[in-house]
Each structure stands twice: as C-alpha cells, then as structure tokens.
2 protein chains.
Amino acid sequence: MAKDANPRKQPRQERAKATVDAIMKAAAQVLIAEGYENATTARIAERAGVSIGSLYQYFPNKEALVAALIERHSDEIVATVDEALTATSHETLEDGMRALIHAAVTAHRLDPKLHKILHEQVPRVGRLAKALDTTRRVTNAIEVFLRQHEAELKNKRDPAMAALVVETALEALSHKAVIERHDLLRSGAFEGEMLSLVTSYLTGK
Amino acid sequence: MAKDANPRKQPRQERAKATVDAIMKAAAQVLIAEGYENATTARIAERAGVSIGSLYQYFPNKEALVAALIERHSDEIVATVDEALTATSHETLEDGMRALIHAAVTAHRLDPKLHKILHEQVPRVGRLAKALDTTRRVTNAIEVFLRQHEAELKNKRDPAMAALVVETALEALSHKAVIERHDLLRSGAFEGEMLSLVTSYLTGK
DNA sequence: TGAATATGTGATGAATCGTTCACATTTACT
DNA sequence: AGTAAATGTGAACGATTCATCACATATTCA
C-alpha cells in the first residue's frame, strides 16, 4: 500500500488522454459491476484495455483513481443544483424549491448506479472523504438562495439552519426515490410530497 | 474466502457464551478503532483474548460476524422507536412526533461511533443488506401511528407515503446531528426544527 | 474415575491485492 | 534519419488476508 500522493505524470499527447479517459470509464464500469472491494486495479486496467503499469502512470494508487471519479461526479451534481437555484433567484421561494427538487432528482439520475456505489460503498476515509463534500457545497448554495428570499421565510427561521435541514431532507429523499424506489418517480407525486415538506417548513404556511 | 454460510456451532456452555460475547464486543471495538477494511479477523480475535480458531467456530466468516453486530444494533433502534410510538398512541400527533424524534436521536446516540461505522463503512452486500432494513421496520411503525391519527392528518395525505417521507427525513437529520454535527444537540433547537418540519408537513398547518 | 463431548489453539495454506520497475514501443522534434 | 521524451508493458514482489485443521484442554455426565 503506497502512501505516495505525488502527482503523477500529466497526459501530454492525445494518446495519453485517451488512456486516462479509458481508465476512468473502466473504473466506473468495474465499480458498478463488482463493487468497491472487488474493483481491483488489475480488473480496471484490463477493462480499459491498458496494462496495469499505465494505470499507475496517471494515478498514484487506487484511492486517487476513485477520488477522481468522485470529484467529477460531485462537480456535476453541484453544477446542476447551482444552475437551478440561480435561475430562479428572482422567482418565488416555492418556485425555487420546485426547481431545486427537480435538480436534485435529475442529479441523482445522471448515473444512478455509479452514484449508489460512490455514496454507499466507498469508504469515507482519507482523501475520499474530502472529495465527497457535495453536501457542504449544496447547503451553501441553498443558504444563499434562502437569504435572497428571507422575506418569504417564516419568522425566526435561521437561513443557515434551514438550509441544513432542507439539504439533508431533500438529499435523503431524492436518494431513496432514485436508488431504492424508482417507482415513486413515475407519477410526479413524490416530488409533490418533497415540495410540500420543505415549503410548509420554510414559509410556515 | 469462504462462501460457506452453514450455521456454526451454538455455544452450549457458559464458557462458550462468554467467548462469543467477547468476540462481539471486540468486533465492535476494532470496527470503531480501525474501520471495516482494517478490522481483520485476527485483530478481533486478539482483542477478544481468543484464538482465531475460536472465532471461526461460532462465525462462518467476517461478514457473518458483522451481520450479527448489525442485527443486534438494528433491533435496539427499532425497539426504541417502537416504544416511543406505542407510548404516545393516545396522545396528539405532535406529541407522538416529538417522542419519535427524541427516540430517533436517542437511538443514534446509543453507540454513535459503532452506528457510524455500520451505517457508512460496511458494504451493503449480501446478508448485510438484509440486516440493514431497519428502515422498513421503522417506516411500518410510523405508518401504523399515522393511521391512528388520521383525523389530524392533512387532507389527502396518504399515511404510507407520509410515513416514508417522515422516516427518511428524520433518519437523515438524526444521523447528521449525532454523527457529524453533535454541537447542534447542545440546545434543543435542532429537535425543534425536526418537529416543525414533520408536523407542518403532516398537519398542513 | 473415565469416556464422550464441547471448547480452545495457532501454525499454516492458499489466494489475492496493490504496486514497482526494467524494458519495449511510439511520438515529437531537430 | 536520428534522438530524446513520452507512453505503454506485464512479470514479479512483498504484504496481507481469510480460513482450515490437527491437536490440546476443559467440561459434562454416567
């Protein structure tokens, strides 16, 4: 087990970029198919059609490879949520929440199987934990939005606290719907429940 | 790696029961201290003051040992929640939710470190997944409670759906508070937020 | 007391894994 | 064409793991 976190060689030629891309694609596929523990570097390299040595030329170890995957996935989610909230910054709080919920569900649906693995099976330790702080970034975005709509907020609701509550609840509900109860999303009923949950909490109406 | 799931010998003498107990206690301690991946059977046996052979006499493999730990923990949580809901079955819906929230937080606090490991680091595969269905059992209990208070429920709220939403949200919030933001529990403010969230959703007031 | 059964031991096997490194091949550039 | 840099290869290594089994000890009970 290497503790070496030294940055590996950066791909300079097109050929090398294709290799890195193939490795990451293969890593995602193998993670989905085999789970984190059985996703060995050898299997990933084989799936990528690359030798094991090439893998270690661009990623110092397995952990860093998975971290790269997580970071990319996290960025996608945060971007999706951010877009939704900034796009509705001048509409009502309820409209914003509706957009947020839609974004959260959409984000989870980008690659549900990979999301499930990354979220449930990847150990939350070391560098991996850092890459997984989607939560904090999303909560911040929500807090900003709530401050912009403080007038609609129920008396004495602290935006920071409310953002924490809303993020936690919506993340859990989106996750459950997309990962475990995909049937709930057939009709729009479940999104309606989520909206009802957060708006009545936030506005107190 | 053995796939053998054959039931191992049951402890018949007191001595053996003590051994099994020591193994489970040690397993919890080692899991907390080292994490799931580094919690080797050898380390657990050493910590228990037992030989590795004894461990394998009562547990067919590491997975089964952890599963036993999970099952016990899950039963504790379900029991705590069940008590709270049945004790308040004749009080108001809000009182019941207050008790439920208190129970959820208490349940998470029984052994927060172990809970965190079991919840976040143990791979959700095979037998482990089955043992982890605390969720389903708690949701059922909540649904029963809600049906008993259907009169107080907002128009057209389906008890099954509402139970799902409430369980998911409260579990996520309790988890976050106890595991990541223990500071939030100093004052009772956070429990208040949780109560506000679910009661305004359920009663629509 | 002594035999049958239950329990405990730990060296050892067998498998797997992450990672390295000496070397081969390909590309870029003069 | 020729050379240096970039990229690719995969056998081999060391470390670690789970799990077994032949044997020793303790307990039960006739």
Side-chain angles (χ1 to χ4, degrees), chain A residues 1-24 26-27 30-31 34-69 122-123 125-128, chain B residues 1-24 26-27 30-31 34-68 121-123 125-128:
Chain A
M1 218 171 300
K3 333 239 151 202
D4 199 347
N6 286 349
R8 283 302 204 249
K9 212 173 299 182
Q10 289 293 335
R12 297 169 124 75
Q13 304 176 0
E14 275 310 313
R15 182 169 55 128
K17 281 179 189 163
T19 298
V20 171
D21 206 63
I23 292 171
M24 291 192 68
V30 173
L31 274 173
E34 315 267 3
Y36 181 78
E37 306 225 28
N38 298 330
T40 67
T41 50
R43 260 189 273 274
I44 292 172
E46 185 189 7
R47 179 79 166 226
V50 182
S51 84
I52 182 69
S54 288
L55 190 156
Y56 279 93
Q57 204 142 48
Y58 301 105
F59 300 96
N61 50 46
K62 179 182 171 181
E63 194 184 347
L65 171 54
V66 176
L69 223 50
V122 170
V125 288
R127 209 168 7 280
L128 298 187
Chain B
M1 222 170 298
K3 334 246 152 195
D4 200 346
N6 287 349
R8 282 303 203 247
K9 213 172 298 183
Q10 289 294 334
R12 296 168 125 75
Q13 305 177 0
E14 275 310 312
R15 182 168 56 126
K17 281 179 187 161
T19 298
V20 170
D21 206 63
I23 291 171
M24 291 192 68
V30 173
L31 274 173
E34 315 268 3
Y36 181 79
E37 306 224 28
N38 297 331
T40 66
T41 50
R43 259 190 274 273
I44 292 171
E46 184 189 7
R47 179 80 165 224
V50 182
S51 84
I52 182 71
S54 288
L55 189 155
Y56 278 95
Q57 204 142 49
Y58 302 105
F59 301 96
N61 50 47
K62 178 180 171 180
E63 192 184 346
L65 170 55
V66 177
Q121 238 184 99
V122 170
V125 288
R127 209 165 13 276
L128 298 189

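Note that these values count all heavy atoms, side chains included, but never hydrogens, waters or copies made by symmetry. Each chain gets a letter, A, B and so on, in the order the sequences are listed, and its residues count up from 1. Just so we're clear, the structure is a prediction, and the values are computed from it rather than from any experiment.
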Can you tell me the distance, in whole Å, between the CD atom of B:E37 and the P atom of C:dT16? 18 Å
Closest approach of B:I44 to B:L55 (non-hydrogen atoms, all atoms of both residues): CG2-CD1, 4.0 Å
Rounded to whole Å, CD of B:E46 lies from C1' of C:dT9 at a distance of 14 Å
When rounded to whole Å, the CZ to P distance for the pair A:F59 and C:dC17 reads 20 Å
Whole Å only: how far is the NZ atom of B:K62 from the P atom of D:dA19? 9 Å
Under-4.0 Å side-chain N/O to phosphate OP1/OP2 contact, B:Y56 with D:dT20: no
Find the distance A:E34:CD to C:dT16:P and express it as a whole number of Å. 13 Å
When you measure from the side-chain N and O atoms of A:R43 to the phosphate of C:dC17, is any distance below 4.0 Å, counting only OP1 and OP2? yes
Any side-chain heavy-atom pair from B:Y36 and B:V66 closer than 4.5 angstrom? yes
Separation of D:dC18 atom C1' from B:N38 atom CG, nearest Å, is 15 Å
Heavy atoms, side chains only, cut-off 4.5 Å: are B:L65 and B:Y58 in contact? no
Can you check each nucleotide of nucleotides 7-15 of chain D against protein heavy atoms at under 4.0 Å and return B for base, S for sugar-phosphate only, - for none, in 5' to 3' order? BBBBB----
How many angstroms lie between atom OG1 of B:T41 and atom CG of B:N61, to the nearest 0.5 angstrom? 10.0 Å
One should read off an interatomic distance between A:I52 CD1 and A:R43 CZ, to the nearest 0.5 angstrom, of 11.5 Å
Side chain to side chain donor-acceptor pair (under 3.5 Å) partners for B:E34, two or more places apart: none
